[in-house]
Amino acid sequence: MKNKSYEPQAIEQTWYQKWEANNYFAPSGRGMPYCIALPPPNVTGTLHMGHGFQQSIMDVLIRYHRMCGNNTLWQIGTDHAGIATQMVVENLLRSEGADRHILGRENFVKRIWGWKKYSGDTICSQERRLGISGDWTREKFTLDPNLVQAVQHVFISLYEEGLIYRGKRLVNWDPVLNTAISDLEVISEDSEGSLWHIRYPVADSTESLIVATTRPETMLGDTAVAVHPEDARYQHLIGKQVKLPLTDRLIPIIADEYVDMKFGTGCVKITPAHDFNDYALGQRHNLPLINIFTKDAYINENAPKIYQGLDRFVAREKILADLKSAGLLIKVEKHQLKIPKGERSGAIVEPYLTDQWFVKASVLAKPAIEAVEHGKIKFIPENWSKIYLQWLENIEDWCISRQLWWGHRIPAWSDEKNNIYVGRSEEDVRVKYKLGNIALKQDEDVLDTWFSSALWPFSTLGWPEQTPEFKTFYPTAVLVTGFDIIFFWVARMVMMGLKFTGEVPFKEVYITGLIRDSHGQKMSKSKGNVLDPVDLIDGIALDDLIKKRTSNLMQQHLTKEIEKQTRLDFPSGIPGFGADALRFTFCALATTSRDVNFDIARLEGYRNFCTKIWNATRFVLMQLEGFDRSNNAVEFSLADRWIKSELQRTLHIIETEFKNYRFDLVTQAIYEFTWHQFCDWYLELAKPILYSENFSASAKQGTRETLLSTLETILRVIHPFMPFITEELWQEVAPKLNIKRPTIMLEQYPQFDKSEVDNEAVVEIEWLKKVILAIRNIRGEMNISPAKPLPLLLSKGTVTDKKRIEKHTQYLKALARLESIDWITEEKIPAAATTLVDELELHIPLANLIDISAEIARLNKEIGKLKADIERAATKLNNVNYTSKAPSDVVARERLKLAENQSTLQKLQTRVMDLLGVK
RNA sequence: GGGUGCUUAGCUCAGUUGGUAGAGCAUCGCCUUUACAUGGCGGGGGUCGGGGGUUCGAGCCCCUCAGCACCCACCA
């Protein structure tokens with residue numbers, strides 16, 4: 001600690017390098033294993049606040065358990081993030097005027113690897129800036145060779161067991177990305193649409209049916225019209241045919257209970273190739289499937305020529321116009337509907353008939369459900385298990401193939417007759433299926449990125465090999481993640497983990513909230529409210545922040561609004577708060593709430609806390625000039641005993657709340673103890689002993705000893721939250737305790753020790769605080785300068801009060817800034833400001849200092865409060881129901897309090913009378 | 001259509017098995033007291049979303065209404 005004032009930039013850089021260079025992040029090889037698998041960030045760019053939040057929490061857990069003596073591994077790495085990363089690089093290419101199809105698959109993938117290095121390196125450097133203590137020597141990427149091996153192993157086993165199958169199915173198709181996506185990747189968006197009523201003439205009849213549809217363009221693929229079997233209006237038409245307008249096709253009128261008689265006209269056009277319900281209905285009735293779209297959602301050759309080649313929405317307009325001119329468009333109604341959009345591209349998703357690979361999820365889901373129901377996996381907060389279970393209990397098959405180039409290639413080959421062979425490699429399948437020399441072609445598709453993520457907790461530990469790491473650290477201790485990926489990831493890890501290792505992948509799932517901005521808005525590029533954790537650590541000028549938020553915007557027109565809001569939120573940019581303050585803030589915000597509003601004011605407050613710790617350490621070190629532990633006799637003061645006891649009380653809270661994952665309560669306890677007990681009280685109580693001639697050398701020695709050991713303990717307590725500042729300070733403090741070990745990181749975490757709890761000291765110091773506070777209160781309310789020494793007169797009081805006053809004269813004089821303390825008899829009390837501490841009466845003589853009427857007003861305010869309290873208590877105690885039914889200790893407490901208040905009231909009233917007399 | 005969560009001081013949030021409401025920030029007053037003005041000391045501020053119920057006693061339990069947020073789902 002070279003600087004007088006706390007400057008995070010000056011200390012944070014060097015320590016990290018030392019820790020990493022000395023391999024302190026690696027498992028110790030001793031103690032109970034404790035492992036966290038980091039949710040691997042996507043290599044799509046840089047870390048955002050959510051990562052910072054979750055990683056801070058994980059690092060706190062990791063550092064805590066490492067200090068508690070566990071054999072601790074934080075398995076870190078990054079995720080290839082299939083679609084997301086491919087899109088980033090495609091956008092990059094587009095800005096260069098290039099295209100992945102021009103580049104070709106091999107070159108494009110090469111290009112993505114280049115991007116992966118750039119993004120991965122950025123992420124790792126951000127993580128280092130945050131101070132995270134993952135084992136870098138074991139860093140993994142989801143496309144690393146042994147993770148590829150794990151993916152293949154799982155795919156092949158599931159295929160051979162019949163749990164993976166390939167089939168032509170209706171899937172969610174993203175016509176922009178040209179790939180299938182899973183149900184989870186489809187986002188329903190509310191939209192104001194229309195319901196068109198279209199007349200379908202019945203063949204060989206003058207009758208017609210009116211169908212209602214939100215998607216008129218799909219009529220080109222209609223293969224039936226359905227009515228409810230019991231619908232009296234249409235009974236006679238079931239089995240007949242209608243002429244499908246704009247085409248020359250005749251399609252049947254069928255009956256199915258799926259149709260809701262009350263909705264629209266009760267007639268539904270059926271398009272099995274472009275609607276999930278219609279598909280199911282088509283299967284029941286053996287309807288043909290007519291696919292009318294290309295992969296890009298243009299009308300294809302199966303439709304009448306005049307519509308071919310039209311975009312789906314252009315086609316819609318034309319079809320509506322044509323229907324209208326044919327007199328077949330009956331009416332249009334406004335209609336609320338949900339539009340399915342691709343999570344990544346935002347394109348309207350089309351149900352589309354393609355060959356895809358699927359996982360039979362329901363089979364895998366059963367054990368995953370049981371694991372949570374039987375408590376083998378515990379969610380924190382508990383109620384997320386409901387969400388998890390609900391989803392698994394209704395799980396659909398998982399479409400795992402993606403028509404992308406970036407990802408795990410599907411380990412399947414086909415021959416010319418489209419027979420499928422699954423194996424580790426082309427060679428492997430030839431041998432396995434005895435194929436000889438026939439032509440084989442590998443499946444072009446890659447796997448859904450979540451397929452490899454599902455294996456992360458064990459694939460990173462070397463599975464399917466039974467490596468020492470796998471045997472030691474699996475199952476991992478806890479998964480720390482957000483509720484937004486419970487389905488995508490958590491559930492699938494549990495399914496795969498149980499299936500392939502026979503064990504749960506983690507024993508606990510700690511679900512964090514989602515980081516939002518200070519207004520409660522979700523952080524997103526398009527809202528322009530994104531914060532980069534590193535900018536909070538290092539600081540950023542306003543102009544740079546605006547530039548960062550408005551560059552590469554999809555919607556340019558938002559620039560002005562974003563700039564305005566940014567200027568409003570951060571009028572002078574963001575100062576560098578340091579990683580320690582940021583990490584502590586994240587933990588302090590980690591309540592059970594699902595939304596976490598990130599307010600820079602909190603960060604500022606905790607930066608100030610760092611400053612406080614810094615200065616307190618400077619103070620303690622200043623008191624230790626010439627301090628030698630070995631030489632002198634030691635005598636511990638009441639304050640020494642008290643602060644040690646308070647420290648234990650704090651450690652007890654910390655221990656409990658760590659188990660509960662209540663980091664907000666842990667940080668609160670740390671903050672309260674460090675600032676309000678240690679700094680505000682203990683350091684002030686230490687000063688009189690250290691500065692006064694009246695105290696013995698052994699008393700001074702005891703105080704120094706306590707200052708030092710308490711501070712050193714505090715530093716260890718705080719270290720998991722604030723690794724940098726605590727290391728920096730500890731390096732100065734520890735040698736004074738003759739500690740020669742190299743780093744605070746590997747020291748023992750302070751443990752709660754009941755034997756150091758000292759209730760006697762606590763009671764007495766609490767009394768002392770009350771007396772000091774009472775005097776300060778008068779000073780404050782009467783606007784007397786804190787610099788002005790005051791005379792104190794005492795009256796009444798018990799024998800204990802007298803003893804204590806005598807004993808603590810030094811403390812009282814110093815902390816309440818008194819020039820004198822004298823006992824007087826009741827008759828001699830002068831005009832004074834009076835306050836009570838139980839039986840003891842404290843008087844500050846008014847003599848020019850205090851206005852009598854101000855004192856009367858102050859007392860009357862106090863009297864008012866007491867009267868209200870007394871009345872409430874009296875009513876309560878007069879209620880027989882209360883005194884007979886409430887527990888006796890509660891009643892006794894109430895009685896005692898009432899008696900005290902009555903006595904205080906009387907005394908204060910007497911004082912008012914006296915003062916009025918003086919006046 | 002189902003489900004979940006939230007509503008406590010100006011703001012952001014705690015509130016343990018029901019026993020007379022707490023913190024941080026903001027605010028007001030006094031203060032350059034030799035660790036710290038990124039500070040010290042003191043103060044003010046809430047009928048705990050509305051209504052009803054259980055109870056001697058409800059921020060906490062039950063019912064109901066309202067508002068906000070989110071998740072899931074195939075109504076054309």
Side-chain angles (χ1 to χ4, degrees), chain A residues 4-6 183 188 195 211-215 218 226 258-260 262-271 275-281 335 337-338 351 381 383-384 386-387 390-391 394 483-484 486-487 514 518-520 575 577 581 588-589 591-602 604-623 656 660 662 664-665 668 671-672 679-680 683-684 687 691 773 776-788 814 817 868-869 872-873 876 879-887 889-891 893-894 897:
Chain A
K4 191 182 168 208
S5 55
Y6 169 62
D183 298 344
S188 281
L195 190 61
V211 300
T213 180
T214 54
R215 300 206 52 200
T218 63
Y258 157 71
V259 179
D260 180 353
K262 283 175 293 225
F263 186 89
T265 56
C267 300
V268 189
K269 61 188 273 311
I270 302 299
T271 323
D275 182 284
F276 288 102
N277 289 314
D278 294 3
Y279 180 82
L281 193 143
H335 185 66
L337 74 162
K338 301 271 191 188
N383 77 303
W384 289 110
K386 261 190 221 164
I387 309 282
Q390 240 166 49
W391 186 71
N394 301 297
F483 57 82
D484 50 331
I486 288 178
F487 307 146
L514 235 55
S518 61
H519 311 287
F577 291 105
L589 292 174
T591 64
T592 56
S593 169
R594 57 170 69 174
D595 295 315
V596 175
N597 296 358
F598 189 89
D599 190 342
I600 206 114
R602 284 298 283 273
E604 195 181 341
Y606 293 120
R607 188 272 322 268
N608 296 350
F609 182 47
C610 292
T611 307
K612 194 73 183 176
I613 297 167
W614 184 270
N615 287 318
T617 303
R618 277 180 55 232
F619 171 77
V620 171
L621 291 172
M622 282 166 69
Q623 305 312 316
T656 311
N660 295 335
R662 287 300 303 270
D664 57 329
L665 300 181
Q668 197 181 60
Y671 184 95
E672 213 284 326
C679 292
D680 288 351
L683 295 188
E684 296 309 316
K687 283 175 187 174
Y691 295 165
L773 286 170
R776 284 178 180 171
N777 181 272
I778 290 178
R779 202 188 273 278
E781 298 239 318
M782 294 295 159
N783 286 351
I784 302 168
S785 158
K788 168 103 186 141
R817 189 149 286 236
D869 263 10
R872 199 177 325 152
K876 211 170 178 182
N879 182 348
V880 184
N881 276 327
Y882 172 69
T883 47
S884 61
K885 289 185 184 171
D889 59 319
V890 173
V891 177
R893 218 183 306 144
E894 196 71 39
K897 190 78 209 231

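Below, read A as the first sequence line, B as the second, and so on, with proteins coming before strands; counting in each chain starts at 1.
As rounded to the nearest Å, B:rA26 and B:rG43 have C1' atoms that lie 15 Å from one another. Using P as the reference atom, B:rG2 and B:rA73 are 16 Å apart when rounded to the nearest Å. Spacing of P atoms, B:rU38 relative to B:rU27, comes out at 14 Å, to the nearest Å. To the nearest whole angstrom, the two P atoms, one in B:rU33 and one in B:rC48, are 44 Å apart. Using C1' as the reference atom, B:rC60 and B:rG53 are 15 Å apart when rounded to the nearest Å. Across B:rC11 and B:rU47, the matching P atoms stand 13 Å from one another, rounded to whole Å. Taking atom C1' in both B:rC56 and B:rG18, the straight-line distance is 12 Å, to the nearest Å. When the C1' atom is compared between B:rA14 and B:rG46, the two are found 15 Å apart, to the nearest whole Å.
When the side-chain nitrogen and oxygen atoms of A:Tyr6 are compared with OP1 and OP2 of B:rG39, none of them lie within a distance under 4.0 Å. Look at A:Lys788 and you won't find any side-chain N or O under 4.0 angstrom from OP1 or OP2 of B:rC31. Neither OP1 nor OP2 of B:rC25 sits under 4.0 Å from any side-chain N or O of A:Arg607.
At a threshold of 4.0 angstrom between heavy atoms, the contacts of A:Phe276 with the nucleic acid are absent. Using a 4.0 Å heavy-atom criterion, one finds that A:Lys687 contacts the bases of the nucleic acid, with or without backbone contacts as well. Within the nucleic acid shown, A:Val620 has no heavy atom closer than 4.0 Å to any nucleic acid atom. A:Ser5 comes within 4.0 angstrom of nothing in the nucleic acid, heavy atoms only. As judged by a 4.0 angstrom heavy-atom cut-off over every strand, A:Lys897 is placed among the base-contacting residues. Within 4.0 Å of A:Arg215, counting heavy atoms only, lies no atom of the nucleic acid at all. No engagement by A:Tyr279 is indicated, since no non-hydrogen atom pair under 4.0 Å with the nucleic acid exists. Counting non-hydrogen atoms under 4.0 angstrom, A:Tyr606 reaches nothing in the nucleic acid. Note on A:Cys610: nothing from the nucleic acid sits closer than 4.0 angstrom, heavy atoms only. Nucleic acid contact class of A:Asp484 (heavy atoms, under 4.0 Å, all strands): none. Here A:Asp275 lies out of heavy-atom contact (under 4.0 Å) with every strand. Contacts of A:Arg618 with the nucleic acid, taken as non-hydrogen atoms under 4.0 Å apart, involve only primed sugar atoms and P, OP1 or OP2. Using a 4.0 Å heavy-atom criterion, one finds that A:Lys338 contacts the bases of the nucleic acid, with or without backbone contacts as well. Residue A:Phe487 is classed as a sugar-phosphate contact, given heavy-atom separations below 4.0 Å to backbone atoms only.
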Can you check nucleotides 9-12 of chain B for protein contacts, nitrogen or oxygen pairs under 3.5 Å, and list what you find?
{"from": "B:rU12", "atom 1": "O3'", "to": "A:Asn597", "atom 2": "ND2", "distance (Å)": "3.3"}

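Remark: the backbone N or O of A:Thr591 is not paired with any side-chain donor or acceptor of A:Arg662 at under 3.5 angstrom. Between the side chain of A:Arg602 and the backbone N or O of A:Asn597, no donor-acceptor pair lies under 3.5 Å.
Checking B:rC36, B:rA76, B:rG40 against the side-chain heavy atoms of A:Glu684 singles out B:rC36 as nearest. Across B:rC70, B:rG42, B:rG19, the shortest atom-to-atom separation from the side chain of A:Leu773 is found for B:rG42. Set against B:rA35, B:rU33, B:rC74, the side chain of A:Tyr258 has B:rC74 as its closest nucleotide. With B:rG15, B:rC56, B:rA76 as the candidates, the nucleotide lying closest to the side chain of A:Arg662 is B:rG15.
At a threshold of 4.5 Å between non-hydrogen side-chain atoms, the residues A:Phe483 and A:Leu514 count as touching.
Nucleotide B:rC13 holds its P atom 15 Å from the CG atom of A:Leu665, rounded to whole Å.
Residue-to-nucleotide proximity on RNA chain B shows that, of A:Ala616 and A:Asn777, the 5′-proximal contact is made by A:Ala616. Two residues, A:Trp384 and A:Leu683, neighbour RNA chain B, and the one matched to the more 5' nucleotide by heavy-atom proximity is A:Trp384.
Using a 4.0 Å cut-off between charged nitrogen and carboxylate oxygen, A:Lys897 and A:Glu894 do not count as a salt-bridge pair.
The two atoms that bring A:Thr214 and A:Leu337 nearest to each other are CB-CD1, 3.8 Å, heavy atoms only. Of all heavy-atom pairs between A:Ile486 and A:Trp384, the closest is CD1-CE3, 3.7 Å.
A distance of 6.0 Å or more separates the ring centres of A:Tyr606 and A:Phe577.
In secondary-structure terms, RNA chain B builds stems of at least 3 consecutive Watson-Crick or G-U pairs, each pair having both distances under 3.5 Å, at B:1-7 with B:66-72, B:10-13 with B:22-25, B:27-31 with B:39-43, B:49-53 with B:61-65.
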